[in-house]
Amino acid sequence: MRVHAVDHPLVAHKLTILRDENTPSPIFRQLVDELVTLLAYEATREVRTESREITTPVAPTVGQKIAEPRPLVVPILRAGLGMLDGLTRLLPTAEVGFLGMQRDEETLEAVTYANRLPDDLSGRHCFLVDPMLATGGTLVAAIDYLFERGARHVTCVCIIAAPEGIDVVNRAVGDRVDVELVVAAIDERLDENAYIVPGLGDAGDRLYGVV
Ligand code: URA
């Protein structure tokens with residue numbers, strides 16, 4: 001897997017406010033949205049385009065448009081939903097599918113509880129979005145799922161990743177170049193409850209106002 005940690009002052013600034021325990025949910029949601037838009041610029045670098053003839057008010061010319069089949073954006077429920085708009089703002093023609101995956105808090109294994117994806121993903125570039133890459137179990141299960149259905153390329157967009165989670169995904173996918181991770185920060189480690197340190201706490205709870 002290719003890993004790209006986005007090094008940009010706006011990303012660092014917004015991430016610092018996001019991490020702060022005093023940041024309330026409405027600001028947290030807005031910052032996630034802004035961060036994802038910044039990450040999306042990097043994450044879409046390898047979207048396939050094809051030549052299109054158009055005519056400007058001045059002359060005919062040949063440009064590039066996003067090729068078919070359309071990219072597919074897949075938020076992993078529930079926290080990934082908070083990242084959906086940020087990505088589709090830059091990729092408005094993308095199709096959107098949903099994967100409901102949850103970490104079993106005892107076994108820490110990923111369990112799929114909902115799936116709304118096209119059956120055939122042949123040739124599709126898929127963008128998996130989930131704010132926190134912690135143990136990696138959910139992401140590995142989701143990546144496998146997309147490739148089993150024929151995906152051509154999987155780009156994972158996360159806000160914070162733990163080194164342990166990146167190792168797990170790397171061990172599962174090896175050095176395939178058609179899997180990428182675009183992330184705002186790689187943190188220190190996981191704690192004994194599989195929370196990212198320093199992280200930002202529970203992203204779903206902070207997005208949706210539980211705390
Ligand atoms: N999921 C979260 O929301 N936060 C973590 O730190 C780890 C997993």
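Order of appearance sets the numbers: ligands from 1, and atoms from 1 within every ligand.
- In this structure a side-chain-to-backbone donor-acceptor pair under 3.5 Å is missing from Arg70 to Arg124.
- Judged by distance alone, with hydrogens and angles left aside, the side-chain atoms of Thr49 form no donor-acceptor pair with the main-chain N or O of Gln64 at under 3.5 Å.
- For the pair Pro131 and ligand 1, no heavy-atom separation below 4.0 Å is found.
- Looking only at atom types and distance, the side chain of His153 has a donor-acceptor partner in the side chain of Glu180 under 3.5 Å away.
- With a 4.0 Å heavy-atom cut-off, ligand 1 is reached by the backbone of Ala203 and by its side chain too.
- Using a distance-only test at 3.5 Å, with no hydrogens or angles considered, a donor-acceptor pair links the side chain of Asp191 to the main chain of Asn193.
- Within the 4.0 Å heavy-atom shell around ligand 1 one finds Ala194.
- When hydrogens are left out, the protein atom nearest atom 6 (O) of ligand 1 is Ile196 N, 2.8 Å; that is the closest non-hydrogen contact.
- Residue Gly201 holds the heavy atom nearest to atom 4 (N) of ligand 1 of all those in Ala134, Gly201, Gly199.
- Protein heavy atom in closest approach to atom 1 (N) of ligand 1: Met132 CB, 3.8 Å.
- Here the straight-line distance linking atom CG of Leu91 with atom OG1 of Thr88 works out to 8.0 Å at 0.5 Å rounding.
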